[in-house]
Amino acid sequence: MSEEKSLNFIEEIVEADLASGKYQTILTRFPPEPNGYLHIGHAKSICLNFGLGLKYGGKTNLRFDDTNPTKEEVEYVDSIKEDVQWLGFSWANELYASDYFEQLYLFAVDLIKKELAYVDDLSAEEIATLKGTPTVSGMDSPHRTRTVEENLQLFADMRAGKYTDGEKVLRAKIDMSASNMHMRDPLLYRIKHAHHHRTGDAWCIYPMYDFAHGQSDSIENITHSICTLEFIPHRELYDWLIEKLDIFPSKQYEFARLNMTYTVMSKRKLLQLVTEGHVQGWDDPRMPTISGMRRRGFTAESIRSFCDKIGVAKRENMIDFSLLEFCLREDLNKSALRVMGVLDPVKLIITNYPEGQTEELVSENGPDEAYGTRIVPFSNTLWVERDDFMEVAAKKWFRLAPGATVRLKSAYIVRCDGFTKDADGIVNEIHCSYLPETKSGHDTSGMSVKGTIHWVSVEHALPAEVRLYERLFKAENPSTEEGDFKEYINEDSLTIIPNARVERSLARATIESRYQFLRKGYFCLDKESTPEKMVFNRTVTLKDAWSKTANKA
Ligand code: ATP
Ligand code: MG
């Protein structure tokens, strides 16, 4: 974190609170609902919450906001923990709102006793109708005047399972003409006979978001409860409940959620992509999920750096997907090992190089010496990229064409003498002669050529499947386009290259390693890879094909 960077508005609040002695230390929390996998938007919240804890010597809890039994699963809990850890953060405590169900129940009883909550028998529709509109005052429910005793009994009966789903609710008794609609006797509890992933069948009443979130914050002594802007109207209720219950005064602060071009970021929509088979799963490399991005080859460092760059603001905006890719390239350029792989192979035969001879050439692993070197075997028959050859050289063509010279990376300069075609008229062999005195690192020829191309030796190459990815959506903002967001799915977002050839050293590739295939982009091994059949994902191209300058070139 650079020193000169100015504070964001939440850091300013935290510094003021520490300076005034309001708090000795801060405690934040990241509160996911375990109803889906985390996405890049959550990463922003994670970096913010855990970042504050780290920066100010405080702590951060991971709290599962698991108050909605029907949509939540253990699978999601596990994936969330994995993702937060992978991003590089550790939580002080792993907590579950469901662990507070008994305490929350007692809080509700306390409100009833204070005549600040009542059991209502109205249906959801009736409640909505009586609620009024922002310009028309609501009307009291006929059950609003129930006595404390009656409410206590009915609430106990709700808990005991005497009623069916929706038959009764517990509401706060605030003000049916409040200008903030959230203050018009909001629901605190609903009946739901459903199995919960942690509490099983112990409960058939579940607290609403507004009666779980702030109370959980208080129970944990959270000092700064940070959420996204849509919760601004909830803040009044957040404060009201804490005040009336007379519990730890956690405070809610809202920041703008991350929105990004060419993707969707609501778990509901991501779930649809998964269940309807538009992608192969939550961790499909095209998904904006942390697990998808990890599988695609994103580094945690690049995601943290992205979150740092976009900053924390109070106003919504749309971040260009290219910025994330910029951060990714910036990190991979530093960290990825350089290797050679040919995606669309055609044979190049060096006619004056001894048949059957192999040379172990030395090639650099990275952008500087610190990365070391590796051995790359060279022979008279190589695979090169089909599009590095032209039958007739175009103007300013510096690669292979009859008569042209080009350097084979880390090897020799070769001159192209000719080529052959198969029965279908497809070029199947490029014939060259090499210049022995031009060996890389030992070149005594004084020759210089404008083009350098990558290659792999046919005898030593390993076959691999390579998967190339494009953006998952064709529209910049699929969620705001007309019609369903799925109409804007890019059908060409995945290209499978079944028969690429990669250099021998990649036999040792691991899932965690990141590679730059020279001139072709950044790649990583996919989880479906096996020793028999290697599979690589292209994480990102070397250059941004989407930026305006790149399009002109
Ligand atoms: P979604 O709308 O994608 O379903 P959510 O807000 O319902 O997300 P939660 O599990 O409740 O998901 O989110 C956990 C935390 O992450 C919350 O504090 C939430 O505000 C934050 N968060 C979710 N989406 C974003 C986003 N796009 N940008 C920043 N923070 C986000
Ligand atoms: Mg939510």
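Worth knowing before you read on, the calculation uses all heavy atoms, side chains too, and leaves out hydrogens, waters and symmetry mates. Whatever order the structure lists ligands and atoms in, that order sets their numbers, starting from 1.
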S.K.: Enumerate the residue pairs fulfilling salt bridge (charged side-chain N to carboxylate O under 4.0 Å, His left out) with a member in residues 194-205, sequence neighbours excluded, ordered by first and then second residue.
M.R.: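 Listed by first then second residue: D99-R198.
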
S.K.: If we set the cut-off at 4.0 Å for heavy atoms, which region of H39 has an atom near ligand 1: side chain, backbone, both, or neither?
M.R.: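 Contact part for H39 vs ligand 1: side chain (C-beta onward).
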
S.K.: Between ligand 1 and G41, is the shortest N or O to N or O distance under 3.5 Å?
M.R.: yes

S.K.: Decide whether an N or O pair under 3.5 Å exists between P31 and ligand 1.
M.R.: no

S.K.: Below 4.0 angstrom, N of the basic side chain to O of the carboxylate: do E115 and K244 qualify?
M.R.: no

S.K.: Using a 4.0 Å cut-off to any heavy atom of M265, which atoms of ligand 1 qualify?
M.R.: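 In order of number, 3 (O).
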
S.K.: Counting the benzene-type ring for Trp, do Y76 and H197 have ring centres under 6.0 Å apart?
M.R.: no

S.K.: Please verify whether a non-hydrogen atom of F231 lies at under 4.0 Å from ligand 1.
M.R.: no

S.K.: Counting heavy atoms only, which of R29, H213, R63, H42 is nearest atom 23 (C) of ligand 1?
M.R.: H42

S.K.: Does R315 use its side chain to pair, donor to acceptor, with the backbone of A256 at less than 3.5 Å?
M.R.: no

S.K.: Within the structure, does R268 bring an N/O atom to less than 3.5 angstrom of an N/O atom in ligand 1?
M.R.: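 N/O-N/O distance under 3.5 Å: no.
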
S.K.: Closer than 4.0 Å to some heavy atom of F255 - which atoms of ligand 1 meet that?
M.R.: 29 (C), 30 (N)

S.K.: Going by the atom numbers of ligand 1, which of them fall below 4.0 Å from some non-hydrogen atom of S266?
M.R.: 3 (O)

S.K.: For ligand 1, which atoms have a heavy atom of T228 less than 4.0 angstrom away?
M.R.: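 Close to T228: 20 (O), 29 (C), 30 (N), 31 (C).
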
S.K.: Where do P249 and I242 come nearest, in terms of heavy atoms and distance?
M.R.: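 Scanning both residues completely, I find the closest heavy atoms to be CA-CG2, 3.8 Å.
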
S.K.: Would you give me the side-chain donor-acceptor pairs under 3.5 Å for residues 284-294, sequence neighbours excluded?
M.R.:
unit_1 : atom_1 : unit_2 : atom_2 : d
D284   : OD1    : R286   : N      : 2.9
D284   : OD1    : R286   : NE     : 3.0
D284   : OD2    : Q280   : N      : 2.8
D284   : OD2    : R286   : NH2    : 2.9
R286   : NH1    : S493   : OG     : 2.9
T289   : OG1    : W282   : O      : 2.6
T289   : OG1    : G292   : N      : 3.0
R294   : NH1    : D83    : OD1    : 3.0
R294   : NH2    : E82    : OE2    : 3.4
R294   : NH2    : D83    : OD1    : 3.0

S.K.: Please say whether K44 places an N or O atom under 3.5 Å from an N or O atom belonging to ligand 1.
M.R.: no

S.K.: So, are R235 and E254 salt-bridged, with charged N and O less than 4.0 Å apart?
M.R.: yes

S.K.: Just checking F231 against H213, ring centres under 6.0 Å apart?
M.R.: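 No - the distance between ring centres of F231 and H213 does not fall below the 6.0 Å cut-off.
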
S.K.: Is there a polar contact between ligand 1 and E230, counting only N or O atoms under 3.5 Å apart?
M.R.: no

S.K.: Can you tell me which residue among Y163, F155, Y206 is in a ring pair (Phe, Tyr, Trp, His ring centres under 6.0 Å) with Y189?
M.R.: F155

S.K.: Quick check on contacts: which atoms of ligand 1 are under 4.0 angstrom from a heavy atom of P32?
M.R.: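 The atoms of ligand 1 under 4.0 Å from a heavy atom of P32 are 10 (O), 14 (C).
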
